[in-house]
Amino acid sequence: MEKIGIIFDVDGTLLDTYNLIEKTYMKVFDEFVPEYKYTKEELKSFFGPPLEDTFRKVTNDESKVDFLVKKYREYNHALHKEYLKIFPNVQTTLEELKRRGHRLAVCSNKAKPAIELGFSITGISDYFDIIIGLEGALKPKPSPDGIYKIMEVIGKNVIMVGDTAFDILTANNANIPSIACLYALTKKEAFESVNPTYYINSFEEILDIVKDK
């Protein structure tokens, strides 16, 4: 029986990047858009969508959007080692999934070099058969384009794991099952409109979900 392939989001799913992302946005806004008065809750809403979409909420100037994206990536890269963490049991679970013969992939709206930097720092680079970042898909999530590209490499029997309704909607658009993570920022109520196939409260629960698939 073919083992199911598992597609992961990155931020909030594999890597605990909340403090990293929050600090990066605060630094960019404070330095380059000081007139923009954000709240902590608003910063949380910026997790998931592409950077361009976020910065278009604060300026209509596309050249300024491009500039802010560039600065965000510079600052985020510089702050990685200080603020980046990995969620509990991620590495041991990935190790066990590979031991069982599952193929693992990443589909993220994050730039691939930033994904690879985070994986290198946390020691999980070698577990993935394919990584699709923002530049690897024709359209960002919730478009299913990234998932379709991954299917070409690891097969069509796949499941998506993510921490936002954005991720689950992406799975729905690709007509594949999904796992919603409740151990990060997103509460269960936020997923109700997109109907995940499964919920997990800790990362290692994935092992029970995929054991017979």
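For reference, positions follow the sequence shown, starting with 1. Everything numeric here is computed off the predicted structure, so don't read it as measured data. All values below were derived from every heavy atom in this structure, side-chain atoms included, with hydrogens, water molecules and symmetry-related copies excluded.
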A side-chain contact here means heavy atoms from C-beta on lying under 4.5 Å apart; do [X] and [Y] qualify?
X    : Y    : value
F46  : F55  : no
V194 : F166 : no
N19  : Y83  : yes
E95  : Q91  : no
E96  : E204 : no

- Message: With salt bridge (charged side-chain N to carboxylate O under 4.0 Å, His left out) as the test, pick out the partner of E22 among K40, K27, K44.
- Response: K40
- Cut-off 3.5 Å, side chains only: do Y36 and E42 have a donor facing an acceptor? yes
- Message: Do T170 and D167 pair up side chain to side chain, a donor and an acceptor below 3.5 Å, judged on atom types alone?
- Response: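 No, no side-chain donor-acceptor contact under 3.5 Å.
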- Item | Test: K188 cationic atom under 6.0 Å from Y199 six-membered ring centre, within 45° of axis | yes
Indicate, with yes or no, if the rings of [X] and [Y] have centres closer together than 6.0 Å.
X    : Y   : result
Y18  : F47 : yes
F203 : F87 : no
Y25  : Y38 : no

- Message: Going by the rule side-chain contact (heavy atoms from CB on, under 4.5 Å), which residues pair with E135 if we only count those two or more places apart in sequence or in a different chain?
- Response: A111, K112, P113
- Output all residues satisfying salt bridge (charged side-chain N to carboxylate O under 4.0 Å, His left out) with K149, sequence neighbours left out; order by chain, then residue number.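 Here no residue qualifies.
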Whether [Y] and [X] form a salt bridge (side-chain N of Lys/Arg under 4.0 Å from carboxylate O of Asp/Glu) is what I want to check.
X    : Y    : result
D145 : K139 : no
K71  : E31  : no
D30  : K23  : no

Report all side-chain donor-acceptor pairs from residues 7-16 shorter than 3.5 Å, counting only partners two or more places apart or in another chain.
unit_1: D9; atom_1: OD1; unit_2: K141; atom_2: NZ; d: 2.9
unit_1: D9; atom_1: OD2; unit_2: T13; atom_2: OG1; d: 3.3
unit_1: D11; atom_1: OD1; unit_2: T17; atom_2: OG1; d: 3.2
unit_1: D11; atom_1: OD1; unit_2: K110; atom_2: NZ; d: 2.9
unit_1: T13; atom_1: OG1; unit_2: D163; atom_2: N; d: 3.2
unit_1: T13; atom_1: OG1; unit_2: D163; atom_2: OD1; d: 3.1

